[in-house]
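Data block below; observations after.
These numbers come from a predicted model, not from an experiment. Numbers restart at 1 for each chain; the letters A, B, ... are given by sequence-line order, proteins then strands.
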Amino acid sequence: MRIATWNVNSLRVRLEHVIAWLNEHRPDVLALQETKLPDEQFPADVFAELGYRSVSNGQPAYNGVALLSREPLEDIVTELDTFEDPQRRVLGATVGGVRIYGLYVPNGQSLESEKYVYKLQWLEALRTQLARELDRHERLVVVGDFNIAPEDRDVHDPAAWEGKIHCSPAERAALGRILELGLHDAFREFEQPERAFSWWDYRAAAFRRNLGLRIDLILCSDAMRSLLRSCRIDVEPRRLDRPSDHAPVVADFA
DNA sequence: ATGGTCGATAGTCGA
């Protein structure tokens, strides 16, 4: 089972990139973030032609997540049960006996921002929800744009980013508490190239200089880790014209 | 060079 995640930063703009990528890589499940589309404008028919069912949890202009799947998506959830949130950031479904969550974790903006408080509260509610899901589902995979670089090796310049948004101790601790539930960062289960990132700022030629962060993650439960065969970041779509600022991340399970 | 670029949208906000 191939599971992938991609923050597309507007599905309207990136639709042709997503279509091409689906046809080339044929994941079983693709989680999308920042679709920036209300559900009624989600191009479900386009994906259906490619053999993908889909579910959208969208809103206009901001946020928005979706799941595409070759097999039926069952028991869909669109909320964190313990966190009232008008922002559309969560989509969970069961596919072939695997519980899958696609997430767009709040950015947080800066440590002084109210959005940072919101981010940390949101992550705590996510922890509560994933604990409950693990009680019910041995096979759990949680993917998406976490807006947290787990470790300094996930940051192009750790000194410059020390204590900054995406890298602050509180954010990393919040992610750590989620991992302590019994989840594993699939990417780090394998030997990887150094300076491997999944997001590069549009400014200052950051991609060409590989000045990025690894903030797009695939987490998996113990049972899924035993099935995990590979995990990689596909930087190729970042080279295209009008790219998303994020690259897709792909994990293969037996 | 203390900015830079995108996307959604219609003057700015969010990333």
**OP:** Could you list all the salt bridge (charged side-chain N to carboxylate O under 4.0 Å, His left out) pairs where at least one residue sits in residues 192-201 of chain A, not counting sequence neighbours?
**Re:** A/D201-A/R203

Original post:
OP1 or OP2 of B/dT5 less than 4.0 angstrom from a side-chain nitrogen or oxygen of A/R242, does that happen here?
Top reply: no

Within the sub-3.5 Å range, which N or O atoms of nucleotides 12-15 of chain B have a protein N or O partner, and how far apart are they?
{"from": "B/dG14", "atom 1": "OP2", "to": "A/K115", "atom 2": "NZ", "distance (Å)": "3.4"}
{"from": "B/dA15", "atom 1": "O3'", "to": "A/N107", "atom 2": "ND2", "distance (Å)": "3.3"}

Subject >> Pairs flagged by salt bridge (charged side-chain N to carboxylate O under 4.0 Å, His left out) wherever residues 11-30 of chain A is involved - sequence neighbours left out >> reply: none

Subject >> Test side-chain contact (heavy atoms from CB on, under 4.5 Å) applied to A/A204 - qualifying residues, sequence neighbours left out >> reply: A/R209

Subject >> Separation of the P atoms in B/dA10 and B/dA1, to the nearest angstrom >> reply: 39 Å

Subject >> Sequence neighbours excluded - ring pair (Phe, Tyr, Trp, His ring centres under 6.0 Å) pairs with any residue from residues 205-236 of chain A >> reply: A/W200-A/F207

Original post:
Of all residues at least two apart in sequence or in a different chain, which pass the ring-ring contact (aromatic ring centres under 6.0 Å, His included) check with A/F42?
Top reply: A/F47

Original post:
What are the residues of residues 161-168 of chain A, sorted by number, that bring a heavy atom to within less than 4.0 Å of DNA chain B?
Top reply: none

Subject >> Contacts of type ring-ring contact (aromatic ring centres under 6.0 Å, His included), residue A/H25, not counting sequence neighbours >> reply: A/W21

Subject >> Euclidean distance for P, B/dC13 against B/dT2 (whole angstrom) >> reply: 23 Å

Identify the pairs formed between an N or O of the protein and an N or O of nucleotides 1-3 of chain B at a distance under 3.5 Å, and give each distance.
none

Subject >> With sequence neighbours excluded, residues passing side-chain hydrogen bond (donor to acceptor under 3.5 Å, both in side chains) with A/S168 >> reply: A/Y116, A/E171

Subject >> With sequence neighbours excluded, residues passing ring-ring contact (aromatic ring centres under 6.0 Å, His included) with A/F187 >> reply: none

Subject >> Electrostatic pair A/K164-A/D157, nearest N-O below 4.0 angstrom >> reply: no

Subject >> Between P of B/dC6 and CZ of A/F207, the distance in whole Å >> reply: 14 Å

Original post:
How is the hydrophobic cluster of A/L240 composed, in terms of its other members, when Ile, Leu, Val, Met, Phe, Trp and Tyr link through side-chain heavy atoms under 4.5 Å apart, directly or indirectly?
Top reply: none

